[in-house]
> 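My questions all concern the structure below.
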2 protein chains.
Amino acid sequence: MTGSETRPGRQRILDAAAAMFLERGFRETSLRDVAADVGIKAGSLYYHFGSKDEMLAAVFRRGMEIMQAAFDEADLAGSGEPAEQRFHRHVRAHLAALYENGPYTAAHVTSFRLAPPVVRDEILPARDAYEARWTALLERLVADGDLDPAVSIPVLRLTLFGAMNASVEWFDPGRGDLDTVASALARQVWSGVAAGPVRPSDVNTHEHPPGAGR
Amino acid sequence: MTGSETRPGRQRILDAAAAMFLERGFRETSLRDVAADVGIKAGSLYYHFGSKDEMLAAVFRRGMEIMQAAFDEADLAGSGEPAEQRFHRHVRAHLAALYENGPYTAAHVTSFRLAPPVVRDEILPARDAYEARWTALLERLVADGDLDPAVSIPVLRLTLFGAMNASVEWFDPGRGDLDTVASALARQVWSGVAAGPVRPSDVNTHEHPPGAGR
DNA sequence: CAACCTACCTAACGGCCGTTAGGCCCACAA
DNA sequence: TTGTGGGCCTAACGGCCGTTAGGTAGGTTG
């Protein structure tokens with residue numbers, strides 16, 4: 001599902017770059033670091049990429065592709081389901097995109113803010129398109145009478161994104177279970193956290209947090 | 001030109017540094033930039049600070065002080081209030097800390113992730129202390145029967161922080177109203193977003209999103 | 001065989017960075 | 001008047017950075 005022109009060496013470099021951009025940051029990762037990680041020299045990177053910015057843009061694009069694919073899949077699988085389940089499915093899909101298929105999506109989320117303006121501008125349309133799909137999803141939920149019309153959809157989308165994306169700073173996919181987090185987050189957002197005077201479905205007995213680690 | 005012009009040297013430098021760390025990032029802000037902003041030369045900064053890292057640590061410390069003070073105030077003012085109001089008050093206080101008293105808190109939130117390990121380690125205890133206060137707050141709400149015991153407090157705290165802190169990327173305090181955002185967010189988290197079959201208190205007539213601007 | 005292409009290397013260039021040493025100016029105290 | 005020290009400047013240092021030019025080994029193709 002990658003682009004058609006991806007060469008073998010190029011993919012390895014991109015993997016390493018995305019991983020290092022994610023955990024160290026774009027600016028604090030040198031091309032010599034990336035090159036050493038894949039066992040070549042810095043200058044050789046320029047056979048595959050025109051510049052460091054171009055590498056970052058490639059990481060961002062791949063990240064967006066993964067997110068879009070995840071949304072697609074959730075859209076298809078949840079087409080006939082009740083609203084809450086569909087919502088939960090999309091939350092899980094977004095979180096899964098952050099931790100599966102490599103560090104591209106997570107790197108996108110963490111590095112976009114400080115990315116060079118040229119790179120930001122190039123990727124912005126793709127980001128807007130993804131946001132628009134979420135907006136459309138939430139608007140349909142309102143239209144169907146499943147989501148409270150008093151809720152501001154922009155604020156909901158932005159804070160939901162904030163909550164989901166912030167997980168890259170505390171969730172460790174190796175130590176925690178993604179489904180647990182996704183369920184907890186989706187239920188929290190959907191039903192709120194207040195103790196209802198009457199709350200029938202208390203079957204779940206979750207207690208503590210999944211992915212620890214700082 | 002970010003710095004104001006009448007305060008003593010160190011404070012003015014810190015203001016400028018915090019503002020630039022916030023909007024450009026720590027690594028991509030040079031000391032020559034900071035110095036130029038306050039009208040001096042780069043070398044002169046070393047009369048006030050021992051290193052660039054020390055400047056960042058000072059920004060972080062000030063950011064934490066502001067957050068702690070905001071929490072204090074909310075704690076005092078909300079001591080006798082019902083749970084939902086107290087929760088809302090603390091959400092508002094945290095958001096206010098991000099946008100009042102200068103860019104220190106916001107800079108802390110955005111720059112901490114990529115801060116040099118030495119700086120991170122120095123500031124971590126203060127961050128943990130602030131987190132602990134929120135955990136205690138939420139635990140009391142559960143103990144008082146106001147917050148759903150099935151909700152995972154760590155996940156709630158982390159996602160709530162994520163939602164609130166992410167606002168620095170879309171909320172413009174000059175264009176939007178903080179109270180509106182705080183109310184929307186607090187209500188969203190507290191009561192959820194699902195359209196209840198019966199939802200009594202629909203007195204509020206909020207409309208659309210506050211701070212736009214990309 | 002020769003020609004060519006792919007994937008890398010070596011070596012260096014200019015530039016910006018954090019940081020430092022030493023000097024200068026001026027308000028103010030004695 | 002002569003210190004004294006706070007606040008800033010100049011000039012430079014070494015270092016790491018992104019980037020480039022030119023070269024080379026090995027495989028493929030005619």
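Small disclaimer: the values here were computed from a predicted structure and weren't measured. Scope of the values below: all heavy atoms of this structure, side chains included, with no hydrogens, waters or symmetry mates.
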> Looking only at side-chain N and O atoms, does A:His48 come under 4.0 Å of OP1 or OP2 in C:dT6?
no
> Take the angle between the ring planes of B:Phe60 and B:Phe112 and call it parallel below 30°, perpendicular above 60°, tilted in between.
tilted
> Please give, in whole Å, the distance from D:dT20 P to A:Phe49 CZ?
15 Å
> Would you please confirm or rule out a distance under 4.0 Å between OP1 or OP2 of C:dC8 and any side-chain N or O of A:Tyr47?
no
> B:Tyr46 side chain N/O closer than 4.0 Å to the phosphate oxygens (OP1, OP2) of C:dT20?
no
> In whole angstrom, give the distance that lies between atom CD1 of B:Ile40 and atom P of D:dG6.
16 Å
> Would you find a donor on one side and an acceptor on the other, under 3.5 Å apart, between the side chain of A:Ser44 and the backbone of A:Ile40?
no
> When we call it a touch if two heavy atoms are under 4.0 Å apart, what does A:Ser44 touch: a base, just sugar-phosphate, or nothing?
base
> Nearest-nucleotide wise, let me know which of A:Arg32 and A:Ala42 is further upstream toward the 5' end of DNA chain C.
A:Ala42
> Give a yes/no on whether any side-chain N or O of B:Lys41 is located under 4.0 angstrom from OP1 or OP2 of D:dC8.
no
> Could you check which of D:dC8, D:dC17, C:dT19 has an atom nearest any side-chain atom of A:Ser30?
D:dC17
> Any luck finding a side-chain donor-acceptor pair between B:His108 and B:Arg127 under 3.5 Å?
yes
> Need to verify one output field. Residue with the more 5' nearest nucleotide on DNA chain C, A:Arg27 or A:Gly43?
A:Gly43
> Return the value, rounded to whole Å, for the distance between atom CZ of A:Arg10 and atom P of C:dT6.
15 Å
> Which of parallel (below 30°), tilted (30 to 60°) and perpendicular (above 60°) describes B:Tyr130 and B:Phe71?
perpendicular
> Below 30° counts as parallel, above 60° as perpendicular, anything between as tilted: where do the rings of A:Trp190 and A:Phe87 land?
tilted
> Which listed nucleotide (D:dT19, C:dT6, C:dG18) is nearest to the side chain of A:Ser51?
D:dT19
> Expressed as a whole number of angstroms, how long is the span from B:Glu28:CD to C:dC17:C1'?
13 Å
> Using atom CE of A:Met55 as one end and atom C1' of D:dG18 as the other, report the distance to the nearest whole Å.
12 Å
> How close or far is atom P of D:dC17 from atom NZ of A:Lys52, stated in whole angstroms?
9 Å
> So which nucleotide from D:dG18, D:dC8, C:dT19 ends up closest to the side chain of A:Leu31?
D:dG18
